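The block underneath contains the structure these notes are about, expressed in structure tokens.
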2 protein chains.
Amino acid sequence: MGTTQLETVPEPKYWHLKTVLGEALDSEFQVGEILPNERELAARFGVARATLRQALEQLELEGRLQRRRGVGTTVAPPRVGVDVSTARHRWPAAGDDSWQAVDCAAAEPPVAVLRLLDAESDAGTGGAAHADGPVYVVRRLRATQGQAVAAEQLYVPASSVPGLVVPGTQSGTALARRVLRELERLPLEGQDRAVELGSARADDAKELDRLPGAPVLVVTTRYLSGGRTAAVSVATYRADTCRLTFGDAGDLRIAS
Amino acid sequence: MGTTQLETVPEPKYWHLKTVLGEALDSEFQVGEILPNERELAARFGVARATLRQALEQLELEGRLQRRRGVGTTVAPPRVGVDVSTARHRWPAAGDDSWQAVDCAAAEPPVAVLRLLDAESDAGTGGAAHADGPVYVVRRLRATQGQAVAAEQLYVPASSVPGLVVPGTQSGTALARRVLRELERLPLEGQDRAVELGSARADDAKELDRLPGAPVLVVTTRYLSGGRTAAVSVATYRADTCRLTFGDAGDLRIAS
DNA sequence: CAGTGGTCTAGACCACTAG
DNA sequence: TAGTGGTCTAGACCACTGT
């Protein structure tokens, strides 16, 4: 009783809410403007806070909202187009100032990365092209317009950078730059790339100023040199704020 | 009280749950195997069902689980790699049997698409290159290994297919094929592509066998011909089951 | 039909941010 | 310290699937 049950289609409340809110965002709000808090919005729409939050989550997923704990919910700017095109045979460092090397250390890569590094080795031999030796993990950060948009781990087997000399103790970021410089000496023959949805690991989330588990676009790149996989990059892009572009002709310019 | 509060770091329960479940999936379950139902799992871990669901949602987002109402929760197979590489200057139809034309009708595209279609027109003129005329919307479905992985709307301004003759009433799928055939007559000069996260619209969701709002990867492609945007494709890929590949050298073969 | 996941409620407390 | 979003609970009912 009380509920008029106006439609035969029981469209979920949060879905309808999302639509209504989305239209309101278009017509009544400016980018950066702060919305009423969740408790008030829920009351205003006559729903529980959890239901309201379900709608907000979707809008945030679509990049229309930005929520920050302790602050509030704001209207997000349009997603920034981030170029991830397979720039004609270039190493990840070459002439790209949007990436900033942060750290580097020898470490054991996850098995998924190991499989990529060994991808060209004969299945029968079992063993390894270069996965047995140490692998340098270079951590880099990508920023666009002052905003951190991606965190990357670049896995470089020591066998790919034979010319590298490692002095005893050296700052991680200096080592990172040296590994990248050595890498550029190899002839780059091609690259593989894949994009999939993931959720941010705790460390990546912190660098991207998001909570752990935040939705991210994971770009995996395999750099090929000498018939082998010379390096593997796993880059984690904020899915809420980024649109990955692969243009022959640059941006898609969705906004203006 | 009763809670031993074992850690100084108040890691969220659902996050810890997700980790535990994820490890269990690796070691104790087979692909396709069905998990205990949510009420039992929640009881077993001593949490509320909503909390358990938060963990399951994340695992589903990462493509590790598949949940179907009325059926249960199953262990998902590894994501399938779907090639979306900018195949050397090919129209969306050419020699690709993974796409199946479904329907076609003249319709008004969303404003975002209109902006793309007019992208090359002079900003000052305001008006339009060809957005004023009718626009054909071809709907297609992409299947891989018997599974629907993507739903596409291909926007083709009538001015891009001047040779097209439209008989009075014609089946939508036949019209779709004719539009595509006409399109192939144009010289394709290049294409722009962008990938971003979205949530499935109701109609796409139905064709992808998902609920509305399900996370999807939206691939927007702009086909360039004669210095103009001859067509725009908006393809919606299931984010849970798909990994988009852009290989020079084919798949990344994460699995085996 | 019984059993599943999906939606929704009305609370409570916590972690974080900013004044 | 006040106010925000984030987490969590213990229920309830609904929509869908298979038998």
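Keep in mind the model is a prediction, meaning the values are calculated, not measured. Residue numbers begin at 1 in each chain, while the letters A, B, ... track the order of the sequences.
Regarding B:Glu60, its CD atom lies at a distance of 11 Å from the P atom of C:dG5, rounded to whole Å. Atom CD of A:Gln66 and atom C1' of D:dT4 are 15 Å apart (whole Å). Distance A:Leu41 CG to D:dG3 P: 17 Å, rounded to the nearest Å. Summarising the geometry, the separation between CG on B:Leu56 and P on C:dT7 is reported as 14 Å, rounded to the nearest angstrom. One interatomic measurement links the two molecules: CG of B:Asn37 to C1' of D:dA15, which rounds to 17 Å at whole-angstrom precision. Following rounding to the nearest Å, B:Gln54 (CD) and D:dG5 (C1') show an atom-to-atom distance of 13 Å. D:dC8 atom C1' lies 17 Å from atom CZ of B:Phe45, rounded to whole Å. Between the P atom of D:dT7 and the CD atom of A:Glu38 lies a distance of 11 Å, rounded to the nearest Å.
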Take A:Thr221 and A:Arg193, measure what side chain to side chain donor-acceptor pair (under 3.5 Å) needs, and give me the verdict at the end. CA-CA 4 Å; A:Thr221 310; A:Arg193 190 154 288 185; 3.0 Å; yes

Under the ring-ring contact (aromatic ring centres under 6.0 Å, His included) rule, what do B:Tyr155 and B:Tyr136 come out as? Steps first, then yes or no, please. CA-CA 6 Å; B:Tyr155 298 93; B:Tyr136 294 105; over 10 Å; no

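Across all strands shown, C:dG19 forms no Watson-Crick or G-U wobble pair with both distances under 3.5 Å.
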For nucleotides 9-19 of chain C, just jot down a letter per nucleotide in 5' to 3' order: B, S or -, based on protein non-hydrogen atoms under 4.0 Å. B--BB-BBB--

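Remark: A:Tyr14 is not in phosphate contact with C:dC8, judged by side-chain N or O atoms under 4.0 Å from OP1 or OP2. Note on B:Thr73: a side-chain N or O is less than 4.0 Å away from OP1 or OP2 of C:dG5. For the OP1/OP2 pair of C:dG5 and a distance below 4.0 Å, the side-chain nitrogens and oxygens of B:Arg53 include no atom meeting the criterion.
Separation of atoms CZ (A:Arg79) and CG (B:Leu197) is listed at 5.5 Å; rounding is to 0.5 Å.
Between the side chains of B:Ser199 and A:Glu62, at least one donor N or O sits under 3.5 Å from an acceptor N or O. The closest side-chain donor-acceptor pair between A:Tyr14 and A:Arg53, if any, does not fall under 3.5 angstrom. At a cut-off of 3.5 Å, with distance as the only test, a side-chain donor of B:Arg201 or B:Gln153 sits close to an acceptor on the other residue. Checking A:Thr74 against A:Gln66 by side-chain atom types alone, no donor-acceptor pair falls below 3.5 Å.
A:Arg222 has a carboxylate O that lies under 4.0 Å from a charged side-chain N of A:Asp192, or vice versa, which qualifies the two as a salt bridge. The existence of a salt bridge linking A:Arg44 and A:Glu40 is confirmed by a sub-4.0 Å separation between a basic side-chain nitrogen and an acidic carboxylate oxygen.
Contacts of residues 205-215 of chain B with DNA chain D (heavy atom under 4.0 Å): none.
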